[in-house]
Amino acid sequence: MAPKFEWWAKGNNNRKGTPVVVKMENPNNWSMVELESPSDEDFLVRSREKSRNKNARQLTWVLLLKAHRAAGCLTSLGSALIALGTAVRRRIAAGRTDSEVSSSQKKNPAKKSKLFYSCLKVFLWLSLILLGFEIAAYFKGWHFGTSKLQLQFIFTTPFGVKGFFDWVYTRWVLLRVEYLAPPLQFLANGCIVLFLIQSLDRLILCLGCFWIRFKKIKPVLKPDAISDLESGDNACFLPMVLVQIPMCNEKEVYQQSIAAVCNLDWPKTKILIQILDDSDDPTTQSLIKEEVHKWQERGARIVYRHRVNREGYKAGNLKSAMNCSYVKDYEFVAIFDADFQPLPDFLKKTIPHFKDNEELGLVQARWSFVNKEENLLTRLQNINLAFHFEVEQQVNSVFLNFFGFNGTAGVWRIKALEDSGGWLERTTVEDMDIAVRAHLHGWKFIFLNDVECQCELPESYEAYRKQQHRWHSGPMQLFRLCLPAVIKSKISIGKKFNLIFLFFLLRKLILPFYSFTLFCIILPMTMFVPEAELPAWVVCYIPATMSFLNILPAPKSFPFIVPYLLFENTMSVTKFNAMVSGLFQLGSAYEWVVTKKSGRSSEGDLAALVEKDGKKTKHQRGVSAPETEAEKNAEKTKKKKKKHNRIYMKELSLAFLLLTAATRSLLSAQGIHFYFLLFQGISFLLVGLDLIGEQVE
């Protein structure tokens, strides 16, 4: 039985209305309505028309509201684009390019860097020309196939060519199908294979880290090592320790690092601190001397050494210090860079691992960062370094007893240094050099993931860029120099394979090569040569998975996973440039620029700087207020310095190349490729305009 609904129909002559009962089999279909009061059928017809008119008006208002909101969004977007364009124009007008900075510093840029930039400009102009051809062909409605028969049909058909432009475009299509696409596809396939191998290596490292956590594996002390330290008996294992702090023109951080090592919890008669100053600024030298003298008066065993000639950079500085006659009285040496602030119990957590372990040559501690949340650049660096220590260093330490020395926050057995040939000045990565030579001589390494030493991350892109250039050119220099020694060494075949293929080739050479070639060159070129293809899983899915694995050791950084992926590809330009410079011994490979520090202190500095007599002194986050004339002059000089931004032409060229390729991808409706190229191009643009990190002085 059909349901009944009752209305009160108001007629013209009945204000109260009369009841009308309606049977509806389907309330949404008025054609199915049956009236028990046929005399008032016109009432329902009018009601239906009124409802339709009301719905139409409501729909109109909804559409008008949405149109208004869309117009508002477009207006806001236009205003934002205008503001961005204005900011970019001011940025370019106020910024300085690499060549301008080099000329102002009276340094000639490397020829290789100019050649690299010229190649990028050629790619950019070629892509712009091809984009013009493709846009014209798109609006003409040409959708040529890629088979040779179809192309031959175009040339032989009387109406297939209309004008010179048409003839040029068809020739271009034939050229790319027969000559350009095959080698480009071959290169793309080769890079994909390297990409998969490196991704597999990354996955194995993550599985190794998971196994270490699951089994709770960590270096174990000898049974009596801790008890010896806790007893405090001089007859126990309290060896003579030499502490070295190499520095060069680092007046922002010298106070906190000197204070930290002077407060190390170790018998004063069994520790000596060397401040190895390579500064060429007289004011900085005076400040450091005064700080050393202040701590000498407090009873610390600390000496100041200054080299007039900065030959060999950090390696030459350490080598000179180790030649002192009193070094023979010490068994271990702890090394800290100028911005590192070890906790008082650092030596008590590291030295005991050497007891009754004569094969152990190095104990490396983990870095932690006082400014990891300062800006986007420091957050992205923290992701990289967290993975490096948590995964790479820890896995290699547990399973291979070998990893690259990080250059600081480590304790060496002096006998291991001497047995391996000491510090050499042949590369800009003296820390990796001594670690490889010690490994070839049979020494073992231990990494302590639970022992941290606080330091600073570079806060400006300029400082980070120079640091990464040194870190990626030096390993290639070292690889050329030590390859014969590795092959001739007496270590096992497995260790040789790990050292040559994994440590050097895969992680130092192949990684920057395929990152730059595949995502910055091949991918945009495939937009203009569509016959060569890159699958979506190469462009999106595997890179996203690898970024997810990289970010696992720093779970708080998950919101930055997309900027991290884009920034790593952006940095591939610098890393590739550095890798080629080191491999072929180009001039820029031997550049050593001290990483700029800001002088941020750790949370434990106040406790570390309490005076020995118990009197409280006035400190500001571990840095004393300027008291001497030299300190006041340094403060005045610092105030006079102005910050400026840099314009990086290589990054800007690649930004426009990728954005041009993104525009071309719209014509072929490649969704994932378009979004990747668009956001990657924007990332290069932001970096090229120095809009990431702090400005430099």
Side-chain angles (χ1 to χ4, degrees), residues 105-107 241-262 271-296 300-330 332-340 405-410 412 414 417-418 420-434 455 463 466-467 470 474 477-478 589-597 599 628 630-631 633-634 637:
Q105 296 174 351
K106 298 181 179 181
K107 294 181 181 178
V241 178
L242 182 68
V243 179
Q244 296 178 334
I245 306 181
M247 58 179 63
C248 179
N249 296 327
E250 296 179 277
K251 58 187 175 184
E252 295 84 3
V253 294
Y254 73 94
Q255 284 181 313
Q256 59 199 37
S257 60
I258 293 176
V261 296
C262 287
I271 186 173
L272 176 65
I273 301 168
Q274 288 182 319
I275 305 302
L276 311 177
D277 185 22
D278 268 3
S279 303
D280 54 8
D281 177 27
T283 303
T284 304
Q285 295 176 25
S286 176
L287 291 172
I288 298 175
K289 284 181 181 179
E290 291 175 1
E291 186 71 15
V292 170
H293 180 67
K294 181 177 69 177
W295 283 100
Q296 286 175 343
R301 295 189 66 214
I302 182 172
V303 296
Y304 174 84
R305 286 178 53 85
H306 178 262
R307 291 196 310 163
V308 179
N309 184 9
R310 198 187 166 211
E311 183 179 357
Y313 302 114
K314 182 179 177 180
N317 200 357
L318 293 172
K319 182 179 179 180
S320 174
M322 293 300 293
N323 289 332
C324 295
S325 59
Y326 52 79
V327 173
K328 65 180 184 297
D329 299 328
Y330 294 85
F332 302 100
V333 55
I335 302 173
F336 302 99
D337 281 350
D339 61 313
F340 277 71
F405 174 45
N406 294 116
T408 177
W412 276 94
I414 294 181
L417 292 177
E418 295 172 348
S420 305
W423 299 103
L424 298 182
E425 307 163 1
R426 56 182 182 174
T427 69
T428 57
V429 283
E430 73 295 326
D431 45 9
M432 185 181 295
D433 189 359
I434 189 65
C455 62
K466 291 180 178 179
Q467 181 195 69
R470 176 165 52 87
Q477 303 174 39
L478 181 61
Y590 296 94
E591 293 179 354
W592 181 289
V593 180
V594 177
T595 304
K596 183 69 176 177
K597 312 296 193 312
T628 64
E631 288 175 333
N633 293 335
T637 304

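The figures here come from the full heavy-atom set of this structure, side chains too, leaving out hydrogens, waters and symmetry mates.
Residues meeting the salt bridge (charged side-chain N to carboxylate O under 4.0 Å, His left out) test with Arg307, sequence neighbours left out: Asp278. Asp281 meets the side-chain contact (heavy atoms from CB on, under 4.5 Å) test with Asn249, Lys251, Thr283, Thr284; sequence neighbours excluded. Residues that satisfy the side-chain hydrogen bond (donor to acceptor under 3.5 Å, both in side chains) test with Tyr304, not counting sequence neighbours, are Asp277. Taking Ala315 as the reference, Glu425, Glu430 meet the side-chain contact (heavy atoms from CB on, under 4.5 Å) condition, with sequence neighbours excluded. Listed by chain and number, the residues in a side-chain contact (heavy atoms from CB on, under 4.5 Å) with Leu424 are Arg426, Asp433, Arg437 (sequence neighbours excluded).
When side chains are defined from C-beta on, Asn406 does not count as touching Asp431, because their heavy atoms never get closer than 4.5 Å. Ser257 has its side chain within reach of Met247: a pair of non-hydrogen atoms, C-beta onward, lies under 4.5 Å apart. Contact of the Cys455 side chain with the Asp337 side chain is not registered, since no non-hydrogen atoms from C-beta on lie closer than 4.5 Å. Looking at heavy atoms from C-beta onward, Gln244 lies out of side-chain contact with Asn317 at the 4.5 angstrom threshold.
For the residue pair Val303 and Val292, the shortest heavy atom distance occurs at C-CG1, 4.3 Å. Closest approach of Ile434 to Ser420, counting heavy atoms only: CD1-CB, 3.9 Å. Heavy-atom minimum distance, Leu318 versus Pro246: CD2-CG, 4.2 Å. Of all heavy-atom pairs between Thr408 and Phe336, the closest is OG1-CA, 3.2 Å. Here the shortest heavy-atom pairing between Ser279 and Ile288 reads OG-CD1, 4.2 Å. Listed here is the closest heavy atom pair of Glu291 and Ile258: CG-CD1, 3.9 Å.
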In a table with atom names and distances, give each donor-acceptor pair under 3.5 Å that connects a side chain of residues 321-328 to protein atoms at least two apart or in another chain.
unit_1	atom_1	unit_2	atom_2	d
Asn323	ND2	Lys319	O	3.1
Tyr326	OH	Gln274	NE2	2.8
Lys328	NZ	Ser325	O	3.0

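Side chain of Gln296 to backbone of Lys294: no donor-acceptor contact under 3.5 angstrom is found. In terms of modelled atom types and a separation under 3.5 Å, the side chain of Arg301 and the main chain of Ile271 share a donor-acceptor contact.
With rounding to the nearest 0.5 angstrom, the CG atom of Asp329 is 10.0 Å from the CG atom of Leu272. In this structure, His306 NE2 and Ile275 CD1 are separated by 13.5 Å, a value rounded to the nearest 0.5 Å. If you take SG on Cys262 and CD1 on Ile245, they are separated by 7.5 Å, rounding to the nearest 0.5 Å.
Using cut-offs of 30° and 60° for the angle between ring planes, the Trp423 and Phe405 rings count as tilted.
The number of heavy-atom neighbours closer than 6.0 Å to NE2 of His293, taken from other residues, nucleotides and ligands shown, is 12 or below.
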